[in-house]
Amino acid sequence: MLDMKWIRENPEEAEKALKSRNPEIELVRLLDLDLQRREAITHSESLRAEQNKVGKEIPQRKKAGESADELIARLSEIKREAQEAQDRLKGIESGFEEISLGLPNIPHDSVLRSLDKEDNQVVKTFGEKPDFGFPFKNHLELTEGLGILDFERSAKITGAGFPLYIGDGARLERALINFLLDENEEAGFTPLGLPYLVNAETGYTSGQLPKFADQMYHVTEDDLYIIPTAEIALGGLHRDEILADSELPLRYTAYTACFRREAGTYGAEERGLVRTHQFNKIELFSLVTPEQSYEELELLRGRAEQSVEKLGLHYQTTDLVSGDLGQAAAKTYDIEVWLPGQDRFYEVSSCSNCEAYQARRGNIRFRRGKDGKPEFLHTLNGSSLATSRLMIGILECNQREDGSVSIPEVLRPYMRGQESLKK
RNA sequence: GGUGGGAUGGCCGAGCGGUCGAAGGCACCUGCCUUGAAAGCAGGCGAGGGUGCAAGUCCUCCAGGGGUUCGAAUCCCCUUCCCACCGCCA
């Protein structure tokens, strides 16, 4: 959700910024409803004030031993009017919310205005494309040879898009998860074990609801949503709280499975582990004061980059253009790992500063000192990292001619010293 | 799933249906006192919103949502959450 006061005062600037993300966004209707809303509030409240005033006279009249019948009659008339005004206000507000809850965040000034993903700026590159010197295999050929991944059987269990790791495959991913959690914890992030199902309020906080409801699995029986990323659950963590500025920044890390319906997407080129309904991810999440948030974004990005570097994978970091930003983000860096089998870079991390967008929706605030007025804080999230896609990179980039795969050294302690994956 | 008990301001805690946004205590802030501190004294001290240059003023909020009533923190109904016990169970 956006700062309505700011939009009201800077309508052209706001619309221009939002159009840089989606040219179809118009604010005319929102501004009109905002005006109507405030008028309706004033009208409704003045009637309430009168109602209260007359209401207070009744006991006084009665105490004095006089009849209050006439006042009571007048009051019922005021009440009827007040109720009408109230109903009208509710109608306006629901229209207002429908629009305002659907609007994306305003991009940060430093974000390049463009609708074309091709304009995403590469801000860092690490390593090089591997030169195998032999016909290399893609991750599906490798995992089949090693017997560590089985999509045919997982389809029997569930259906398409749900990976089944076996033996060394399961072990390697677990090693990745533990390695990343340890790295993050050493960097000062508090580890959390999170619920995988969230209620609707939490879904709204992150910006996932109402607009992207169809991307989440919904347990209708209990009206709970299965998280597409830990970020959604983390958004609910401090909902409706006022934190002390001395507690900030709050930094969390959590491993969760992530579930995405991927409705409307399909692609023969995204086979195997590239895009699945269920995958694993370690998340970073920070709550900070507004003046800290861009420094924090660099911290998250650096944290994620460092982990990829330790794994020895070739990657590039891009600064996304306005048109490629997620709903809640004001600025985002993507970290993409080179996947030889796909012949392109693939996102393994996305680090975003959501500024006050989520805080406003979830009413997450902080107070400066003892006497400061509560203010919305800034939230940031970053993947560190998506392990399922990392698996592809590790397998494909570390393969040997015989189909075995050498395990990155940093993971070996997590694999009881195992140095390679062999049949 | 069943039964019973709860939910009030940062915390604790009172609140006959009628000046209750809410006693009292703790914590906190300001001033007095003090060499300094403590104690004591005086005052202040929730959030959101409308309006206004501002002082201010008005509205809303006692878990959430409905209802009864001229009037609800107080009465009724529903929901959620917490606690206890029973049932079931990793």
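Proteins come first, then strands; the chains are lettered A, B, ... in the order of their sequence lines, and each starts at number 1.
Taking the side chain of A:Thr42 as heavy atoms from C-beta on, and the options B:rC58, B:rA47, B:rG50, the nearest nucleotide is B:rG50. The A:Ile72 side chain lies nearest to B:rC70 when the options are B:rC70, B:rA47, B:rG50. For A:Asn52, counting side-chain heavy atoms from C-beta on, the closest listed nucleotide (B:rC70, B:rU60, B:rU51) is B:rU60. Taking every side-chain heavy atom of A:Arg38 into account, B:rU51 is the closest of B:rU51, B:rG66, B:rG48. The nucleotide whose nearest atom lies closest to any side-chain atom of A:Leu75 is, among B:rC70, B:rG48, B:rG50, B:rC70.
Nucleotide B:rA7: paired with B:rU80 (Watson-Crick or G-U wobble, both distances less than 3.5 Å).
Among the protein residues, A:Arg74 comes within range of no part of the nucleic acid, since none of its heavy atoms lies under 4.0 Å from any strand.
Between the P atoms of B:rA7 and B:rU74, the separation comes to 12 Å (whole Å). Comparing the P positions of B:rG10 and B:rG48 gives an interatomic distance of 11 Å, to the nearest angstrom. Distance check on atom P: B:rG2 versus B:rG9 gives 29 Å, rounded to whole Å. Distance check on atom C1': B:rU60 versus B:rG21 gives 11 Å, rounded to whole Å.
A:Ile92 contributes atom CD1, which lies 11.0 Å from atom CG of A:Asp87 (distance to the nearest 0.5 angstrom).
Seen from the ring of A:Tyr346, A:Arg389 does not count as a face-on cation partner, given the 6.0 Å and 45° thresholds.
The shortest distance between the side-chain N/O atoms of A:Lys5 and the OP1/OP2 oxygens of B:rG49 is not below 4.0 Å. Phosphate proximity of B:rG10 to A:Arg367: absent, as no side-chain N or O sits under 4.0 Å from OP1 or OP2.
Although no hydrogens or angles enter the test, the distance criterion places a donor-acceptor pair under 3.5 Å between the side chain of A:Arg21 and the main chain of A:Leu325.
Counting heavy atoms from C-beta on, the side chains of A:Leu411 and A:Ile394 come closer than 4.5 Å.
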